[in-house]
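Before any comments, here is the structure.
Convention: sequence-line order gives letters A, B, ...; per-chain numbering from 1. In this text, all values refer to a predicted model and were calculated from it rather than measured experimentally. Any value given below was found using the heavy atoms of this structure, including those in side chains, with hydrogens, waters and symmetry copies removed.
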There are 2 protein chains.
Amino acid sequence: MTTDFRRKTHRSPRDRIVEAARALFRRNGIRATGVDAIAGAADSNKMTLYRHFNSKDELIVECLYRAGMEMDGFWQELERTHPDDGLAQLRTWVRRIAEHLDDDNCHCEMMSAAVQLTDEGHPGRSVIRAFKDAQRDRVVALCRKADIVDAELLSDTLLLLIEGARATQQTSGAQGPSARFAEIADAAIQSFARGGLAPKQV
Amino acid sequence: MTTDFRRKTHRSPRDRIVEAARALFRRNGIRATGVDAIAGAADSNKMTLYRHFNSKDELIVECLYRAGMEMDGFWQELERTHPDDGLAQLRTWVRRIAEHLDDDNCHCEMMSAAVQLTDEGHPGRSVIRAFKDAQRDRVVALCRKADIVDAELLSDTLLLLIEGARATQQTSGAQGPSARFAEIADAAIQSFARGGLAPKQV
DNA sequence: CGGCCCTGTTACCGACCAGTAACATTTTCG
DNA sequence: CGAAAATGTTACTGGTCGGTAACAGGGCCG
């Protein structure tokens, strides 16, 4: 029943706590998840948690930071598998997001957290903001490399579609508008690709 | 400091409570808003609140229901101001959403609530779901009336862009990708309009 | 072995919060 | 007016949650 992170690998209690927290935050929300539940799911206890993190907020920040780092890793992998091919990287990126849309792990940690961290001054918000800004820069750079007509515009288009797909998945389920996300995003890329076909709608 | 709904109009306590709740839910989140705060902001008190709603959850449902009704009213107004002109209705709709993106009232109540109402069985979720389904049907109908090439596809595209713009506004602020939402959505409509110009990207 | 650092256990505190009870007050309307 | 209905006030309950204190193992390394 309870996710046992210890048996899977011999990770440190700190690691198990962070991963358990991320899982619970995704599944039940940040505010709805108590520190006792986190410690329990990590097969640890509250005291150990508070020896590694001075507060729940600090743990939240670490979770967001890790989520960002994972995305960074994914970007590097993208560059490795499709070296110097911006268009292929863009397409692979979109496809991967589409595949992970209905994962329990749907990486909407950032969006979800942004909604729940209402305090404008919450340290987590700056982590999210920094990550989103970096992501935007990355996509723009990718579009440029892919010889896209208007890199900034396609970039923003894709970012809107992606966030929209994640949000819609939450409210309307997998059968909602997000079902055609990949198709839509591919069409957008297609219509911006220089020297490609004439822009098409399907 | 505290929003005084009573002075503005002589609404019933029930009305004031619901509107105060919606405002606080939007600003601070559902879980972060206590019933005392709601009653206080409504210039009323907790007892009166509980005489009208058996629980906080019931109040949440009423808030979501009202948000849906307001949108319904907006759709009717759209039909009234642009009778039988689907394309104009679509464009006006997009423009209005763009204008309201940075309102404090950014009508992301639904999305925000969906993230925070983690219980799959929460009655509020079905209200959201029903509203989103109805909205999708409406947009599809509008696209058909506007003589759009692929009504379902444009409809889903716009819905993704809209939700994406709202979500992105939360995480990246007004200067983020959502800044060009109107431009992007208009281009999408343009490229799907039958007999219009060749699809363009700007 | 023996000390030390990390971890686990239990119990507790104070704050907050949803919801209720009993009573006082105002508003509404016949 | 006068009674009934709606609203306001205060105080309380029971539970949850973030965070802390004190103490008890337990593994690692000299």
Please give, in whole Å, the distance from [N] [atom2] to [X] [atom1]?
| X | N | atom1 | atom2 | answer |
| --- | --- | --- | --- | --- |
| B:Leu59 | C:dG19 | CG | P | 10 Å |
| B:Ile38 | D:dG8 | CD1 | P | 15 Å |
| B:Leu49 | C:dA18 | CG | P | 10 Å |
| A:Arg31 | C:dC16 | CZ | P | 12 Å |
| B:Tyr50 | D:dA6 | OH | C1' | 19 Å |
| A:Asp15 | C:dT7 | CG | P | 11 Å |
| B:Asn45 | D:dA6 | CG | P | 15 Å |
| B:Asp57 | C:dG19 | CG | C1' | 12 Å |

Go through [options] for me and flag the one nearest to the [X] side chain.
| X | options | value |
| --- | --- | --- |
| B:Thr48 | D:dG18, C:dT7, D:dT7 | D:dT7 |
| A:Arg16 | C:dG19, C:dG8, D:dT9 | C:dG8 |
| B:Lys46 | C:dT10, C:dA18, D:dT9 | C:dA18 |
| B:Ser55 | C:dG19, C:dA18, D:dT7 | C:dG19 |
| A:Arg51 | D:dT7, C:dG19, D:dA22 | D:dA22 |

### Task
Can you measure from CZ (A:Arg16) to CD (A:Glu19) and round to the nearest 0.5 angstrom?
12.0 Å
### Test: B:Glu163 and B:Arg166 ion pair at under 4.0 Å
yes
Which donor-acceptor pairs under 3.5 Å do side chains of residues 118-125 of chain B form with protein atoms, sequence neighbours excluded?
residue  : atom : partner  : partner atom : Å
B:Thr118 : OG1  : A:Asn28  : O            : 3.3
B:His122 : ND1  : B:Gly124 : N            : 2.8
B:His122 : NE2  : B:Asp57  : OD1          : 3.0
B:Arg125 : NH1  : B:Ala114 : O            : 2.9
B:Arg125 : NH1  : B:Leu117 : O            : 2.6
B:Arg125 : NH2  : A:Gln170 : O            : 3.0

### Query
Closer than 4.0 Å, any side-chain N/O of A:His52 to the OP1 or OP2 of C:dC6?
no
### Message
For a quick test of reading the model: is some side-chain N or O of B:Ser44 closer than 4.0 Å to OP1 or OP2 of D:dG8?
### Response
yes
### Query
Between the main-chain N or O of A:His82 and the side-chain N or O of A:Gln89, is there a donor-acceptor pair closer than 3.5 Å?
yes
### Task
Mind listing the closest non-hydrogen atom pair of B:Ser172 and A:Lys132 along with its distance?
OG-CB, 3.5 Å
### Query
Ignoring hydrogens and angles, are the base of D:dG19 and the side chain of A:Lys56 linked by a donor-acceptor pair under 3.5 Å?
no
### 5′-ward residue of the pair A:Met47/A:Thr33 relative to DNA chain D
A:Thr33
